[in-house]
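Okay, so here's the structure we're looking at.
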Number of protein chains: 2
Amino acid sequence: MYPSDPGYAPSFDTRLAQAETLCQERGVRLTDLRRRVLEIIWSHPKPMGAYAILDVLRGDGRQGAPPTVYRALDFLLEQGLIHRLASLNVYAGCCQPGSRHGGQFLICRDCGQVNEMNSPAVENLLCAEAAAHCFEVLTQMVEVLGRCPDCQRGTSSDVG
Amino acid sequence: MYPSDPGYAPSFDTRLAQAETLCQERGVRLTDLRRRVLEIIWSHPKPMGAYAILDVLRGDGRQGAPPTVYRALDFLLEQGLIHRLASLNVYAGCCQPGSRHGGQFLICRDCGQVNEMNSPAVENLLCAEAAAHCFEVLTQMVEVLGRCPDCQRGTSSDVG
DNA sequence: TAGCAATTGTTATTCTATAACATAATTGCA
DNA sequence: TGCAATTATGTTATAGAATAACAATTGCTA
């Protein structure tokens with residue numbers, strides 16, 4: 001459930017392989033650039049802004065400008081490999097790629113840690129309530145700001 | 001439930017009076033500028049961006065720069081009189097000021113219309129699910145992108 | 001290998017938001 | 001009332017996020 005929990009998270013390579021497979025099945029190309037952006041996002045403990053990703057790319061020695069990153073992000077978003085957190089203008093790796101879903105995000109106000117929750121109950125209830133208003137749902141964005149368990153206990157190690 | 005539904009929505013003046021009362025009770029000042037920004041937001045059929053609000057203010061003959069608007073918006077957000085829709089970078093009047101709540105927003109992809117839904121069930125379920133992850137909830141942002149009833153029927157009059 | 005489509009590079013610009021400091025208005029109090 | 005402290009607004013400049021438009025390149029296919 002928690003992507004940052006080593007007990008649950010699949011390994012880095014496993015997830016990259018999953019992404020490769022997914023793209024092959026769909027007949028879309030996970031190019032070097034796109035794979036690298038996905039790596040960057042997954043290898044960071046917290047969601048990243050587009051310009052932070054760009055800095056890493058440039059550190060690689062790669063050329064690039066904002067559109068370079070944004071196009072890669074658009075691709076990854078379309079393929080459901082990452083999510084965008086609108087309230088923070090950052091991008092986070094999806095912990096359940098393959099199944100298209102909105103995902104619910106728990107954002108810690110204090111340490112900035114973000115965890116993706118995938119509650120079908122929430123998703124279904126939201127759809128049902130929307131349907132009661134005759135509203136046809138395409139995508140959901142659920143972002144919850146609060147305090148993570150570590151920060152409630154005052155044991156969080158990293159802030160920022 | 002639908003702020004745009006004339007059958008349910010309280011009148012413009014009623015809502016302004018409510019806002020006045022609320023601010024008085026809380027000992028905060030609904031100044032001319034703040035009241036005007038609230039009016040502008042409420043009097044428009046759709047949520048507005050900060051710079052669109054600024055344009056209206058300037059149309060009033062008032063001086064102003066971005067901070068003028070953003071400070072007023074911050075105040076109104078703090079008082080729960082408006083909401084910010086992070087996915088669109090726009091601001092919408094709250095249809096239930098007084099009770100602090102996150103609110104769930106139904107955003108039409110086709111016509112841009114936004115309706116605020118206040119489902120305690122959604123809010124409670126989200127809190128419960130978050131609590132199951134030992135996460136303490138401060139605020140919720142729920143934005144649903146889809147198609148409104150009018151656009152499903154193809155009877156929507158205004159687009160943009 | 002020539003041609004087409006998809007991807008990436010590049011420059012410039014638009015849109016959103018805030019920092020920092022100056023000025024004005026309001027409130028509380030002597 | 002008059003003054004100090006606080007709050008609110010004006011003003012200039014800048015930071016941050018995202019896209020438009022066009023050029024160059026790559027990869028696939030006929």
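In what follows, chains carry the letters A, B, and so on, assigned in the order in which the sequence lines appear, proteins first and then strands, with residues in each chain numbered from 1. What you are looking at is a predicted structure, and each value in this text was computed from that prediction instead of being measured.
In this structure, the CG atom of L73(A) is 15 Å from the C1' atom of dG16(D), given to the nearest Å. In this structure, L77(A) places its CG atom 10 Å from P of dT19(D), rounding to the nearest Å. Between the OH atom of Y70(A) and the P atom of dA21(D) there is a distance of 18 Å, given to the nearest Å.
Remark: side-chain polar atoms of K46(B) are paired, donor with acceptor, to backbone N or O of C111(B) under 3.5 angstrom.
Side-chain N/O atoms of N89(A) include one lying less than 4.0 angstrom from OP1 or OP2 on dA18(D).
With sequence neighbours left out, the salt bridge (Lys or Arg N to Asp or Glu O under 4.0 Å) criterion links E136(A) to R147(B).
Contact of the L126(B) side chain with the V137(B) side chain is not registered, since no non-hydrogen atoms from C-beta on lie closer than 4.5 Å. Within the 4.5 Å cutoff, the side chain of T21(A) has no heavy atoms near those of the Q18(A) side chain. Two residues are said to be in side-chain contact when any heavy atoms from C-beta on lie closer than 4.5 Å; M141(A) and L145(B) fail this criterion.
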query = Reading nucleotides 25-30 of chain D 5' to 3', which nucleotides get B (base under 4.0 Å from a protein heavy atom), which S (sugar-phosphate only), which -?
reply = --S---
inquiry  = At under 4.0 Å between heavy atoms, how does the protein contact nucleotides 9-15 of chain D? Give one character per nucleotide, 5' to 3', with B, S or -.
reply    = BBBB---
Would you list the atom pairs, donor with acceptor, under 3.5 Å between side chains in residues 73-86 of chain B and any protein atom, with sequence neighbours excluded?
unit_1 : atom_1 : unit_2  : atom_2 : d
Q79(B) : OE1    : R26(B)  : NH1    : 3.0
H83(B) : ND1    : G102(B) : O      : 3.4
H83(B) : NE2    : H101(B) : NE2    : 3.4
H83(B) : NE2    : E116(B) : OE2    : 3.1

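A single hydrophobic cluster is not seen to contain both L138(B) and V122(B); linkage of ILVMFWY side chains at heavy-atom distances under 4.5 Å, directly or through other members, places them apart. Linking Ile, Leu, Val, Met, Phe, Trp and Tyr residues whenever their side-chain heavy atoms come within less than 4.5 Å places L54(B) and V56(B) in a single cluster.
For DNA chain C, the span of nucleotides reached by chain A at under 4.0 Å from its heavy atoms goes, 5' to 3', from dT7(C) to dT11(C).
Judged as a salt bridge (Lys or Arg N to Asp or Glu O under 4.0 Å), the pairs with a partner in residues 48-72 of chain B (not counting sequence neighbours) are, in order, R36(B)-D60(B).
Using a 4.0 Å heavy-atom distance criterion, F75(A) is classed as making no nucleic acid contact.
The distance from atom CZ of R109(A) to atom CD1 of I107(A), rounded to the nearest 0.5 Å, is 13.0 Å.
When every heavy atom of G103(A) is checked against every heavy atom of N118(A), the shortest pair comes out as CA-OD1, 3.6 Å.
In terms of position on DNA chain C, the residue among A52(B) and V28(A) whose nearest nucleotide sits closer to the 5' end is V28(A).
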